[in-house]
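Written below as structure tokens is the structure these notes are about.
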Number of protein chains: 2
Amino acid sequence: MAEELRTLVERLKAVSHPLRLRVLSLLELGELCNCQIAETLQVPASSVSEALRELRRAGFVAERKDGRWVFMSLVTRELASPFLKGLLEEAAAVPEVQQDRVRAQAVTALAIPVVCSKVQRDAPTEREATHV
Amino acid sequence: MAEELRTLVERLKAVSHPLRLRVLSLLELGELCNCQIAETLQVPASSVSEALRELRRAGFVAERKDGRWVFMSLVTRELASPFLKGLLEEAAAVPEVQQDRVRAQAVTALAIPVVCSKVQRDAPTEREATHV
DNA sequence: ATGATATTTCGATAATTTCCGATATATACT
DNA sequence: AGTATATATCGGAAATTATCGAAATATCAT
């Protein structure tokens with residue numbers, strides 16, 4: 001063990017960001033692909049991709065490629081981290097995060113190709129949330 | 001309860017910084033004044049003051065004025081926060097933080113005026129030890 | 001192969017953060 | 001009063017980060 005100070009700070013920075021924190025909390029529900037997250041959070045797919053890259057660099061998230069989709073999930077070993085465990089617990093109480101989870105359930109109920117085409121069409125133009 | 005996303009992110013940002021994290025961890029030992037921290041960590045007193053301001057803004061730290069000294073301490077209510085508790089636990093395992101605590105014990109063994117004059121003399125010249 | 005589409009990287013600007021010496025403010029001591 | 005000293009604030013240049021459309025890359029479908 002014996003984590004370096006810089007490493008711990010980098011991990012903290014990785015989650016000190018609204019989008020990245022929301023993405024991290026979403027992944028508590030299980031693995032999701034980039035487009036499912038983009039659709040759930042109503043943000044550009046490139047922003048989600050960048051958020052996931054940072055979360056991966058910090059060691060919180062792992063990827064599993066399946067065809068043209070990349071499924072991201074929490075690294076289970078990380079869930080032993082007292083800090084991450086506490087953070088996820090605290091984040092789960094945040095209203096925005098809870099709303100995201102409701103949206104995610106609607107999104108994951110659909111087949112992935114349906115969701116992703118939807119992202120292609122909607123994200124750049126429509127920015128008003130479909131309620132919730 | 002029901003913390004806002006923005007609030008949680010601000011709290012995370014406040015500790016996503018090497019100096020601020022070291023200061024926060026030092027305060028686990030008990031209340032310390034600005035100059036004791038500056039001497040312990042060998043950084044300019046103004047940097048410590050700014051670090052403490054951010055930690056105060058985030059709600060982690062409270063001040064108690066006593067003459068020309070300002071003693072800072074952890075807000076005990078905050079220690080109930082799962083995230084902060086986990087973070088402090090994880091930080092306590094970091095070698096740099098452990099070394100800081102050893103230094104702090106030497107510093108707090110001295111009378112405060114002695115320590116503070118020492119800071120006045122030393123801090124501006126010694127620059128080689130700074131990371132961050 | 002051609003086209004479609006999921007994801008990543010790039011580019012470029014704007015906004016924010018960092019750092020610390022210098023200066024200001026506040027209290028103590030004589 | 002004046003001097004000393006503890007802390008806070010300021011200034012402002014450098015570094016870092018945020019953002020998202022556009023372009024690039026990779027895979028699937030026909």
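All values derive from a computational prediction rather than experimental measurement. Every chain is numbered from 1, with letters handed out A, B, ... down the list of sequences.
Here the rule is side chain to side chain contact (heavy atoms under 4.5 Å, CB included) with B/Leu24, and of B/Leu52, B/Leu19, B/Leu88 only B/Leu88 fits it. B/Glu78 pairs in a salt bridge (Lys or Arg N to Asp or Glu O under 4.0 Å) with only one of the listed residues (B/Lys85, B/Arg11, B/Arg56), which is B/Arg11.
You'll find the side chain of B/Val70 stays beyond 4.5 Å of the side chain of B/Asn34, heavy atoms only. Side-chain contact between B/Thr108 and B/Gln36: present, with at least one pair of heavy atoms (C-beta onward) separated by less than 4.5 Å. The shortest distance between side-chain heavy atoms of A/Gln42 and A/Arg103 falls below 4.5 Å.
Each of C/dT17, D/dT9, C/dT18 was ranked by its minimum atom distance to the side chain of B/Lys13; first place goes to C/dT17. Closest to the side chain of B/Pro44, out of D/dT7, C/dT7, C/dG21, is C/dG21. Nearest nucleotide to the A/Ala45 side chain, out of D/dT9, C/dT7, C/dG21: C/dT7. Side-chain proximity of A/His17 to C/dT9, D/dC10, D/dA18: nearest is D/dA18. The A/Ser49 side chain lies nearest to C/dT8 when the options are C/dT7, D/dT7, C/dT8. Candidate nucleotides D/dC20, C/dT7, D/dT9 were compared by shortest atom distance to the side chain of A/Cys33, and C/dT7 ranks first.
Taken together through direct or relayed side-chain contacts under 4.5 Å among Ile, Leu, Val, Met, Phe, Trp and Tyr, A/Phe71 and A/Ile37 form parts of separate hydrophobic clusters.
More than 12 non-hydrogen atoms from other residues, nucleotides or ligands lie less than 6.0 angstrom from CZ of B/Arg64.
Rounded to whole Å, the distance from CD on B/Glu50 to P on D/dT7 is 14 Å. Put simply, CG on A/Leu12 is 17 Å from C1' on D/dT16, counting in whole angstrom units. When the C1' atom of C/dA6 is taken as reference, atom CZ of A/Arg64 falls 15 Å away, rounded to whole Å. In this structure, A/Met72 places its CE atom 10 Å from P of C/dT7, rounding to the nearest Å. Rounded to whole angstrom, the span from the CD1 atom of B/Ile37 across to the P atom of D/dA6 amounts to 14 Å. The interatomic distance linking A/Leu41 (CG) with D/dT19 (P) rounds to 13 Å, in whole Å. We find that CZ of B/Arg20 is positioned 15 Å from C1' of C/dC20, with the value rounded to whole Å. Atom CZ in B/Arg57 sits roughly 15 Å away from atom C1' in D/dA8 (whole-Å rounding).
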Requested in this report: List the protein contact pattern of nucleotides 24-30 of chain D with one symbol per nucleotide (5' to 3'): B for base contact, S for sugar-phosphate-only contact, - for none; contact means a heavy-atom distance under 4.0 Å.
Outcome: ---SSS-
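Residue-to-nucleotide proximity on DNA chain C shows that, of B/Ser47 and A/Ser47, the 5′-proximal contact is made by A/Ser47. Place B/Phe71 and A/Ser46 on DNA chain D by their nearest nucleotides, and B/Phe71 ends up nearer the 5' end.
The side chain of B/Arg53 contributes no N or O atom lying less than 4.0 Å from OP1 or OP2 of D/dT7. Proximity of A/Arg56 to the phosphate of C/dT8: a side-chain N or O atom is located under 4.0 Å from OP1 or OP2.
A donor atom on one side chain and an acceptor atom on the other are found under 3.5 Å apart for A/Ser81 and B/Glu90.
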